[in-house]
Amino acid sequence: GDDKPGDRTVVLVTHDSFAHDPAVFDRFTAETGIRVEVRKSGDAGALTNQLVLTKASPLGDVAFGVDTTFASRALDEGVFAEYRSPAAAEGPQRYVVDDSGRLTAVDVGDVCVNVDVAALESRGLPVPTGYADLADPKYKDLLVVEDPATSSPGLAFLLGTVASFRDGWVGYWEKLRANGVLVVSGWEEAYTQEFSGSSGQGPRPIVVSYASSPSAEIGEDGEPRTRALLDTCFRQVEYAGVLANAKNPEDAGKVVDLLLSPEFQRTVPEMMYVYPAREGVELPEAWAKAAPLPENPATLPAAEIQANRERWIEQWRAAVQG
Amino acid sequence: MARGRPGLSPALLGLLPLAFLAVFFAWPVGAIVRLGMDAAALDVLADPGTWRIVAFTLGQAAAATLVAVVAGLPVAFLLARVALPGMAVVRALVLVPFVLPTVVVGLAFRGLLGGGVLPIVLANAFFNVAVVARTVGGLWAHLDRRAEDAARSLGASRWRTFTAVTLPALTPALGSAAAVVFLFCATSFGVVLLLGGARFRTLETEIYLRTVELLDLSGASALSLVQVTAVVAVLVLGARARRRREAALKLRARVESARRPVGGEWWVVGAAYAVVALLVVPIASLVARSVDGGFAGYRALSGTGHAGSLSVTGWEAAANSLRTATDATVLALILGVSAAVALVSLRRARFIDALDTALMLPLGVSAVTVGFGYLITLDALPGDLRTSAALVPLAQALVVTPLVIRLVLPVLRSIDERLRQAAATLGAGPWRVWREVDLPLAGRSLLAAAGFGYVVALGEFGATSFLARPDTATLPVVIGRLVSRPGELNSQMAYAACTLLMVVTVAVALVVERLRAGELGEF
Amino acid sequence: MLSVSGLTVRYGSVTAVSDVDLSIGDGEVLALLGPSGCGKSTLLRAVAGLEPAEGTVCWDGADLADVPVHRRGFGLVFQDGQLFPHRDVAGNVAFGLRMQGRKSPERVAELLTLVGLAGYESRRVTSLSGGEQQRVALARALAPRPRLLLLDEPLSALDRSMREQLAMDLATLLRAAGTTAMVVTHDHDEAFTLADRVAVMNAGRVNQTGDPAEVWRRPVDEETARFLGCTTFLPGRVANGVLTCEFGAIPLAAPDGAVHVGLRPTALRPAPAGVAGKVTGRVHRHDHVRLVVDAGRAVDAVAEVTNAPSVGDEVTLTLDETGVAIIGP
Amino acid sequence: MLSVSGLTVRYGSVTAVSDVDLSIGDGEVLALLGPSGCGKSTLLRAVAGLEPAEGTVCWDGADLADVPVHRRGFGLVFQDGQLFPHRDVAGNVAFGLRMQGRKSPERVAELLTLVGLAGYESRRVTSLSGGEQQRVALARALAPRPRLLLLDEPLSALDRSMREQLAMDLATLLRAAGTTAMVVTHDHDEAFTLADRVAVMNAGRVNQTGDPAEVWRRPVDEETARFLGCTTFLPGRVANGVLTCEFGAIPLAAPDGAVHVGLRPTALRPAPAGVAGKVTGRVHRHDHVRLVVDAGRAVDAVAEVTNAPSVGDEVTLTLDETGVAIIGP
Ligand SMILES: Nc1ncnc2c1ncn2[C@@H]1O[C@H](COP(=O)(O)OP(=O)(O)OP(=O)(O)O)[C@@H](O)[C@H]1O
Ligand SMILES: Nc1ncnc2c1ncn2[C@@H]1O[C@H](COP(=O)(O)OP(=O)(O)OP(=O)(O)O)[C@@H](O)[C@H]1O
Ligand SMILES: Cc1ncc(C[n+]2csc(CCO)c2C)c(N)n1
Ligand SMILES: [Mg+2]
Ligand SMILES: [Mg+2]
């Protein structure tokens, strides 16, 4: 808050995972005279909650990082003001939550099952292809997932099974349970401690992580050691929007435009391991190999998630941990 | 001449920490709790599951406190009473667990012991052996051995002497340490989440999940109230028990009470070294991981992680850590010493237990609650502190201040009042008495508190990760971020950063050790 | 000049000091005597301002109620020293001087020499013997030249010859500096050496104050007399400057009439003639022998070492005026 | 029976106790006398096993080097009490009994009565007066009936009458229980009352041990004599059971020959005839007057209160055998 009056600073409120190329922001400042100040804290859930709590006196002007799971909540609470970016038509419109024009999609990421290819090979197992294989006794005791009550990828994976199996999801989880699924509370334990494909070299070769994770696990030969199973993905969209009661709503809208600009969108995969929401943005080479975009990821409407999340988690608990 | 004006009693100093506490603790927490208080909150209280969680929270905290006390006492003896080479290193080493981010320790314990209740208890105790060793050792070093001699000549064995004479004299410090440890363990978050999964839940993890994942503020508020109530109850009981034991002691210089162990004392020394060795196991496993793939992690400290996972380099984060910890420690020392002075001059007042307890509360309320409380209140202060870089040291000071108080108070309270009176009859006013009697006698514990507080601020994660701006991220925040990203480099860098944090800790502790000898003599 | 009136100190239900009136003139030394637990230390502490008390303490007529301890300029030697354990001997002695903004190694050395500890400057106080500690405490209180000195058994841990020496030096020093002082002591000789006047306390009250010899000769009541060493009490009668009682007659300047007499052991000595009795007890003291004699009733007596009777011997006792006290106000 | 030989205690460069040989027979009470800082407390601590020492400490012939403090069964009363501040009076006194697995409120009450503190059981020790604390410390050490009692100035904080009373009670108690004891005291009378033998220490060494009266009459050297009160030293000669010196002659059982004589103040008294001198100093003591007389050289003398000369008076002094000591081994 040390900006002088008339100073064109926009505060961008976002989550821990936000990363950007400073060069892009610098160019924006040079062109528009608007300085962007980034304020990060917590994950998507914490961010949404902060925005809700401070809606009367917001921490900034524009927010990025509210995702599919939390979007309805933010909208219901009136956190965002209407702002329709001209760039929305270039692709982001595909992921629109409602027609109020308050949230604009910036990127999409998928939570998918990841496998350690070599480890499966050494056990003489083929790479599983979809949800059904995970319940196959061949793959007994090989899967580790996160608790949906305590972890966002865990929740996303649960939502993916709900979207795929609809009313049969509880039955599917019962089978997973019988097949020795290991539940841990967070991504860190699952991926770095239990999963064999990460540097931690844990015991289990199958884990719930992100579609983009393999791009960070490149072996000596330049090939990824792990692979995401593209038929087990759940898509999460991350949105940006101008905050209601922002001090500087005009310039805030320009920052939403910036986030949708081709320059920024091009940096999104490298910086945040997600896919740009804009169409026609070229992807880094490695991504084609290590992190191809799933073609038919599962999705659920934000409103449905908002309405059922707690009930589903309770049901999941009963089925998996009861 | 520094003569105190009669009207300005040292007790007034207590207003300073109280004001700080009111603005940076009571107000935010009160506001957030009030915000969530609605009819739904009552449902949470009526849910038997809530009470199971309360029971588990208090139970595991009590168990971990017990383990920390049992393991910490021999170490306290070692630090206070034993003159053997290498004590400075041991003193520094036991501090190391305190700075380690809970995620990293949780992962290390998971790797070593798996999940479950026992690992939770052990990990919580692991963090806190130093609290016991330091707090109790600080007083123990000054106890006059002749009280023990008297007991021995009356037929008490070494052990009986310990239980019948030494332990009662140490009770104030032991009570202080146990209270702090209990609070840390009752509000332990990362470790419980990592090692307990969804099966073993505490109030702290429940409040966190309700606030952050479920967006259930009313449930979180209700649980926060339960947490505060439970913590206050335990603290008040503790303060009562402790005060009954408080008595003036004849304090002596540490150099006079430390000596080579004799007879059965070697067993205690052996036990202390065993505890230190056990503490080193997880530490060593972390260091080992940092060099798992060569020194790539250390080289990476000069960068921002795999594909720019961070906004700062490892070294910048280290610099941030040192800077904010310094600010926080200075602030906490001012507040903590003021509070301790006030508590000592008010020792006969009725409300003293309440005051004492109030000053401990920041340790007993979850960092999320405080953090969210800041968001909805501090914008009312000029300059919108919520987005200011100054908020991080302020929040860290909130955690460090009670520790400073707990380390210094037992020594101050054991100073014979007549010693102060002797100074007064020789012409020293109330403030001068402070400078001439209390300060030198408690000087050693004050320095220990400064070093300890510094280390705590260095390691503070909960509030810091919530409040730090990307460019002011500290080492623990950076470590937390690195371990939540895929990629071998990130992982190596995280463990290298951990090692860096430990090295900084040991260095700080050793410097404080040096300072102590120079500045305040060897009392 | 110190004047204390109506001073009362209560600890809960215990009244440690009860309605004490006392005054000490400028440069005067008052010895405070009384049995263990009678309230001497408490009285001193109350005068120093360390104990909340009822009643008034005035200096030169000004009430000290609102003057805090450190402004009173009263030095106090605690019964158990209370040296600062974190300072060396010199640091302890120099403390009061430092509080006045003065620094005077010479004065420290001078006082240490006075108390026989020259060269002890840099010793740790916790490594001193009991007597050495007590002497440092004395030096510390004297150093800043307080206007009133309150000494609580300042010499109790010292051997006799050092005590006599220090008592003498202290008396000289106090008189030379014109320091007003109140000394608690349980050594009657010390009281005589040091004090211009003595006050005898009992159970929180001051029973008597006066010239030492006068108090010795004329204690106000039996209790005081007993505390001052009288062990035998009997009626007597004064006529024409002669006191007559059951054990004989001695010259005594007092108005004629019946009196209550108290005898210390030294009042009765074996002699060729006198009241007959039989020795039933005998204890050797360092320069005399203490006897218990059955002379109708059991009385104490003393004999010289060289010709002391043994237990069972028949003796005759005569009255020696040194040991006789007349009791009454 | 305690026997100590070659006992030496060093604190860095200070040798606090130096090559001490000492033995105390069963049931015997030894008084340890010596100037402040001479090593008395240190010797007691070393015997108790609290101070690392060279030399041997044996009980009934068995070396105690490997017997830890609490197995020795030696009770120790510290010079400064060292009561346990966390326990009340009864808790302190009962401590030693508890260590023996015994619980005996009667014994606690009995001892508190002995030291004049009946009914004090539940008082906090920090609220006691100095003398009361010392008495509790004494009761605490006596309670478990130790086989050897080491008492470090156990009565120094008490007034004279209580001290005499307690010394007497203590002597009776020790003799009745056959307790062996070593008592540090700076009160010569106390040494006589309590002790069967005395040992005089100086600068870490024991200069002399023996029967109290014997030590008083025949100190081994001038230093010891000075400590025991002699202020004037002069040559003398014994012939046929009579000692003759410059101030006169007295009967004295000693072999004929030249001797070194020490005079205490009580050795010289004004008398109708004797050596002439002039009074130059005069101090009133409680039952006598102390004089300094210039009789060729300055000597100390005492006079009775009733007919004491004043400063400037011419007096004649005669020798009184009570105050005379013969110096030499
Ligand atoms: N811990 C110590 N370090 C160094 N010197 C010491 C220590 N304890 C005692 N001394 C010294 O040893 C000498 C003997 O001390 P000790 O306490 O035995 O004397 P004491 O005869 O009991 O004297 P007092 O009658 O005054 O109590 C003293 O000069 C004292 O200063
Ligand atoms: N803090 C206290 N609480 C309760 N009683 C106390 C307290 N301090 C002293 N007393 C009591 O008050 C009485 C007077 O104590 P004080 O110390 O004045 O005695 P004293 O005359 O100095 O005795 P001594 O010669 O033994 O030192 C004692 O009976 C003592 O037990
Ligand atoms: C159980 C437990 N967990 C973590 C720490 C580490 N720690 C150091 S300071 C502090 C408080 C502020 O974050 C914490 C939690 C601990 N000591 N005990
Ligand atoms: Mg007293
Ligand atoms: Mg001594």
Side-chain angles (χ1 to χ4, degrees), chain C residues 11 14 16 33-42 79-81 116-117 127-135 152-153 156-163 168 186-189 191-193 212-213 216 226-229 250-251 264 266 283-288 290 304-306 320-323, chain D residues 11 14 16 33-42 79-81 116-117 127-135 152-153 156-163 168 186-189 191-193 212-213 216 226-229 250-251 264 266 283-288 290 304-306 320-323:
Chain C
Y11 297 116
V14 181
L33 299 174
S36 169
C38 72
K40 306 180 292 294
S41 301
T42 308
Q79 194 165 359
D80 56 354
L117 294 176
S127 79
L128 299 179
S129 78
E132 288 163 348
Q133 291 188 20
Q134 201 169 46
R135 286 180 275 160
D152 201 349
E153 309 196 5
S156 65
L158 301 178
D159 57 279
R160 179 173 289 228
S161 61
M162 168 151 283
R163 200 160 73 228
M168 225 101 90
H186 49 248
D187 183 318
H188 299 172
D189 281 340
F192 264 91
T193 309
W216 248 263
R226 207 180 293 276
F227 174 73
L228 294 174
I250 50 161
R264 302 194 172 84
T266 47
V283 188
H284 199 135
R285 312 307 279 272
H286 82 285
D287 62 355
H288 64 271
R290 178 74 93 70
E304 310 240 314
V305 183
T306 36
D320 180 332
E321 59 191 303
T322 14
Chain D
Y11 296 116
V14 181
L33 299 174
S36 169
C38 73
K40 306 178 295 293
S41 300
T42 309
Q79 196 165 359
D80 56 354
L117 294 176
S127 79
L128 298 180
S129 79
E132 287 163 348
Q133 290 187 18
Q134 202 168 44
R135 288 180 274 160
D152 199 349
E153 308 198 3
S156 64
L158 303 179
D159 58 279
R160 179 172 289 227
S161 60
M162 168 152 280
R163 201 159 73 228
M168 225 102 89
H186 50 248
D187 184 315
H188 300 172
D189 281 340
F192 264 91
T193 310
W216 248 263
R226 207 180 292 278
F227 175 73
L228 294 175
I250 51 162
R264 300 192 174 85
T266 47
V283 188
H284 199 134
R285 310 307 278 274
H286 82 284
D287 62 356
H288 64 271
R290 179 73 95 65
E304 310 241 315
V305 181
T306 36
D320 179 331
E321 59 191 303
T322 14

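Just so you know, these numbers come straight off a predicted model, no measurement behind them. Convention: sequence-line order gives letters A, B, ...; per-chain numbering from 1. Atom set for the values below is all heavy atoms of this structure, side chains included, hydrogens, waters and symmetry mates excluded.
- Looking at D/Arg163, D/Arg135, D/Gln133, D/Gln134 one by one, the single match for side-chain hydrogen bond (donor to acceptor under 3.5 Å, both in side chains) with C/Ser36 turns out to be D/Arg135.
- In terms of the side chain to side chain contact (heavy atoms under 4.5 Å, CB included) criterion, residue partners of C/Gln79 (sequence neighbours excluded) are, by chain and number, C/Ser41, C/Asp152, C/Glu153, D/Ala157.
- Inter-residue side-chain proximity for D/His186 and C/Leu158 is flagged as unmet; no heavy-atom pair is nearer than 4.5 Å.
- With chain C as partner, the option from D/Arg264, D/Glu321, D/Met162 having the largest number of non-hydrogen pairs under 4.5 angstrom is D/Glu321.
- The distance from atom NE2 of D/His288 to atom CZ of C/Phe192, rounded to the nearest 0.5 Å, is 10.0 Å.
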Verdict with reasoning, D/Asp187 to C/Arg160, per side chain to side chain contact (heavy atoms under 4.5 Å, CB included): CA-CA 6 Å; D/Asp187 184 315; C/Arg160 179 173 289 228; 4.0 Å; yes

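- For D/Pro35, the parts sitting under 4.5 Å from any heavy atom of chain C are the backbone and the side chain alike.
- With a 4.5 Å cut-off on non-hydrogen atoms, D/Asp189 touches chain C through its backbone and its side chain both.
- Interatomic distance, D/His188 NE2 to C/Asp159 CG, rounded to the nearest 0.5 Å: 7.0 Å.
- When the side chain to side chain contact (heavy atoms under 4.5 Å, CB included) test is applied to C/Arg226, the partners found at least two apart in sequence or on another chain are C/Glu222, C/Phe233.
- Side chains of C/Ser127 and D/Tyr11 form no contact here, defined as non-hydrogen atoms less than 4.5 Å apart.
- Ranked by heavy-atom pairs under 4.5 Å with chain C, the list D/Gly229, D/Gly130, D/Gly323 is led by D/Gly130.
- For C/Thr193, the parts lying under 4.5 angstrom from a heavy atom of chain D are both the backbone and the side chain.
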